[in-house]
Asker: 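Quick one: structure below, then a few questions.
Sequence positions, counted from 1, serve as the residue numbers for this chain. Keep in mind that this is a model prediction, so the values were computed, not measured.
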Amino acid sequence: MSISETAMAFFDACETGKGWNVCKSYCQDGAAFTCEADALADISTIEGYTAWTAGILTPIPDGNYDITSFSTDHERNIVTATAVFRGKQTGEGGPVPATGKEIATNYAYVMEFEGDKIARMTKIWNDGHSLKQLGWA
């Protein structure tokens, strides 16, 4: 698999809630995760992030993504994906009972490869805007 194919497979597995058991095959052991969003401030590994993405599909069971951009920088071994996550909070498990409110939030993954696996990932996301859309803040 090329790094582009690996990144796309990882992105889809992560965003559809497959969790670490599937996502780990695309990542280095101990792969790091960073994000400046407060909602993800305590997560420092991709393993932790994949648990979070799987968990978010409980309160937002129809959560889905639309990729808006996907590019590979072969010189730096980085793949970047931008997308819009959409869904409605109809399930339990959020910080408040189901609101029925919809979310449409833009975000980006910057996946840094070492060899053929992801070693580090940065997510760029405005969690405050998202939480307001859902009625969680």
Asker: Per the side chain to side chain donor-acceptor pair (under 3.5 Å) rule, which among T105, N64, D62, D66 passes with R86?
Answerer: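 Considering T105, N64, D62, D66, a side chain to side chain donor-acceptor pair (under 3.5 Å) with R86 is found only for D66.
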
Asker: Apply the test side chain to side chain contact (heavy atoms under 4.5 Å, CB included) to residues I103 and Q89: give CA-CA distance (whole Å), side-chain angles for both, the deciding distance (0.1 Å), then the verdict.
Answerer: CA-CA 8 Å; I103 184 173; Q89 190 208 353; over 6 Å; no

Asker: If you look at every heavy atom in I46 and C27, which pair is closest and at what distance?
Answerer: CG2-SG, 3.9 Å

Asker: Tell me the closest heavy-atom pair linking G115 and I3, and the distance in Å.
Answerer: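 What the structure gives for the nearest pair is O-CG2, 3.9 Å.
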
Asker: Just do the side chain to side chain contact (heavy atoms under 4.5 Å, CB included) check on M8 and I67 with the steps written out, would you?
Answerer: CA-CA 10 Å; M8 187 64 238; I67 289 184; 3.3 Å; yes

Asker: Where does the angle between the aromatic ring planes of F33 and Y49 fall among parallel (under 30°), tilted (30 to 60°) and perpendicular (over 60°)?
Answerer: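 Parallel: the ring planes of F33 and Y49 meet at under 30°.
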
Asker: If you look at every heavy atom in P59 and G94, which pair is closest and at what distance?
Answerer: CB-N, 3.7 Å

Asker: With side chain to side chain contact (heavy atoms under 4.5 Å, CB included) as the criterion, how do D73 and T80 come out once you've worked through the C-alpha distance, each side chain's angles and the decisive distance to 0.1 Å?
Answerer: CA-CA 8 Å; D73 181 337; T80 304; over 6 Å; no

Asker: Under 4.0 Å between a Lys/Arg side-chain N and an Asp/Glu carboxylate O for R120 and E114?
Answerer: yes

Asker: Quick check for you: to the nearest 0.5 Å, what is the distance between T34 atom OG1 and M121 atom CE?
Answerer: 8.5 Å

Asker: Hey, what do you get for CD1 (I78) to CD1 (I118), rounding to the nearest 0.5 Å?
Answerer: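 The distance works out to 12.0 Å.
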
Asker: Is any side-chain heavy atom of Y109 closer than 4.5 Å to one of C14?
Answerer: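 Yes. Closest side-chain heavy atoms under 4.5 Å.
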
Asker: For M111 versus A81, what's the shortest heavy-atom pair and its separation?
Answerer: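 Answer, listing the atom of M111 first, then A81: CE-CB, 4.2 Å.
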
Asker: Heavy-atom count around E36 CD within 6.0 Å, excluding the residue itself: above 12?
Answerer: no

Asker: Return the orientation label for the Y26 and F10 ring planes: parallel under 30°, perpendicular over 60°, tilted otherwise.
Answerer: perpendicular

Asker: In terms of heavy-atom contacts, does NZ of K88 have more than 12 from other residues, nucleotides or ligands at under 6.0 Å?
Answerer: no

Asker: Is the closest side-chain heavy-atom distance between V110 and I124 below 4.5 Å?
Answerer: yes

Asker: Supply the atom-to-atom distance E5 CD to D116 CG, rounded to the nearest 0.5 angstrom.
Answerer: 11.5 Å

Asker: Measure the OH-SG distance between Y107 and C35 for me, rounded to the nearest 0.5 Å.
Answerer: 12.0 Å

Asker: Which pair of non-hydrogen atoms, one from T16 and one from K18, has the smallest distance, and what is that distance?
Answerer: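 It is OG1-NZ, 3.0 Å.
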
Asker: Do W52 and V96 belong together in a cluster built from hydrophobic side chains that touch within less than 4.5 Å?
Answerer: yes

Asker: Could you tell me whether the side chain of P61 reaches within less than 4.5 Å of the side chain of T90, counting heavy atoms only?
Answerer: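 Side-chain contact under 4.5 Å: yes.
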
Asker: Do the side-chain N and O atoms of T82 and T68 include a donor-acceptor pair separated by under 3.5 angstrom?
Answerer: yes

Asker: Where do M1 and A9 come nearest, in terms of heavy atoms and distance?
Answerer: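 Answer, listing the atom of M1 first, then A9: CE-CB, 4.2 Å.
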
Asker: Do L40 and D127 come within less than 4.5 Å of each other through their side chains, counting heavy atoms only?
Answerer: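 No, every pair of side-chain atoms sits at 4.5 Å or beyond.
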
Asker: For the rings on F11 and F70, is their centre-to-centre separation under 6.0 Å?
Answerer: no

Asker: Rounded to the nearest 0.5 Å, what separation is found between the CZ atom of F113 and the CG atom of N77?
Answerer: 8.5 Å

Asker: How long is the gap from SG on C23 to CD on E47, to the nearest 0.5 Å?
Answerer: 10.5 Å

